[in-house]
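Read the structure below first, then the notes.
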Amino acid sequence: MSAGQIAALIAAGAFVLLVILLAIPLIKLGRTLDEATVAIRKAHENSDPILIGANDTITHVNTQLERVDGITANAQAVTGNVSALSSVFTATLGSPLVKTAAFSYGVSKAIRARRKAKENAEGRHTRGGRKGSSKS
């Protein structure tokens with residue numbers, strides 16, 4: 001064997017060793033990609049029940065929103081009716097009630113003022129002539 005043949009054998013051995021060293025990470029990378037593919041497939045299979053549940057939830061929420069819309073419309077109608085009723089009440093009974101309240105207030109104030117004036121007039125005559133009062 002000549003020196004060139006030995007060098008060729010060493011180079012071929014080095015090339016085989018290099019291919020083996022590069023093949024190990026490539027095999028591991030292939031396994032990793034296979035596992036990732038399996039995980040993606042499982043996630044896709046498990047996402048169907050989740051999406052079906054989300055769809056059911058959205059349908060239920062839409063039903064509840066329709067009910068709330070009905071309740072809101074009814075509340076708005078009641079508010080309009082109460083407003084109209086208060087307007088009618090104010091127009092028909094409001095003015096006479098205000099006048100009656102003002103009249104009663106004026107009469108009660110006049111009676112109180114008259115009683116106070118009467119008490120003051122009686123109080124002047126009996127102020128100094130109380131029995132049992134002693135001046136020191």
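Residues: numbered from 1 along the sequence shown.
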For His60 and Asp56: C-alpha separation, side-chain torsions, deciding distance, then whether side chain to side chain contact (heavy atoms under 4.5 Å, CB included) applies. CA-CA 6 Å; His60 182 70; Asp56 291 343; over 6 Å; no
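- Taking CG from Leu29 and CG from Asp34, the interatomic distance works out to 9.5 Å, rounded to the nearest 0.5 Å.
- No donor-acceptor distance shorter than 3.5 angstrom exists from the side chain of Ser83 to the backbone of Thr79, with no hydrogens or angles considered.
- For the atom pair Ile71 CD1 and Gln64 CD, the distance stands at 9.0 Å (nearest 0.5 Å).
- In this structure, the separation between OG1 on Thr57 and CG on Asn62 is 11.0 Å, given to the nearest 0.5 Å.
- Contact check for Arg114 versus Lys118: no side-chain heavy atoms found under the 4.5 Å cut-off.
- Distance check: Ile10 CD1 to Ile6 CD1 gives 7.0 Å after rounding to the nearest 0.5 Å.
- For the atom pair CD1 (Ile52) and CG (Asn55), the distance works out to 8.5 Å, reported to the nearest 0.5 Å.
- Separation of atoms NZ (Lys109) and CZ (Arg112) is listed at 7.5 Å; rounding is to 0.5 Å.
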The test is side chain to side chain contact (heavy atoms under 4.5 Å, CB included); show your working for Leu85 and Asn81 and say whether it passes. CA-CA 6 Å; Leu85 181 64; Asn81 290 341; over 6 Å; no
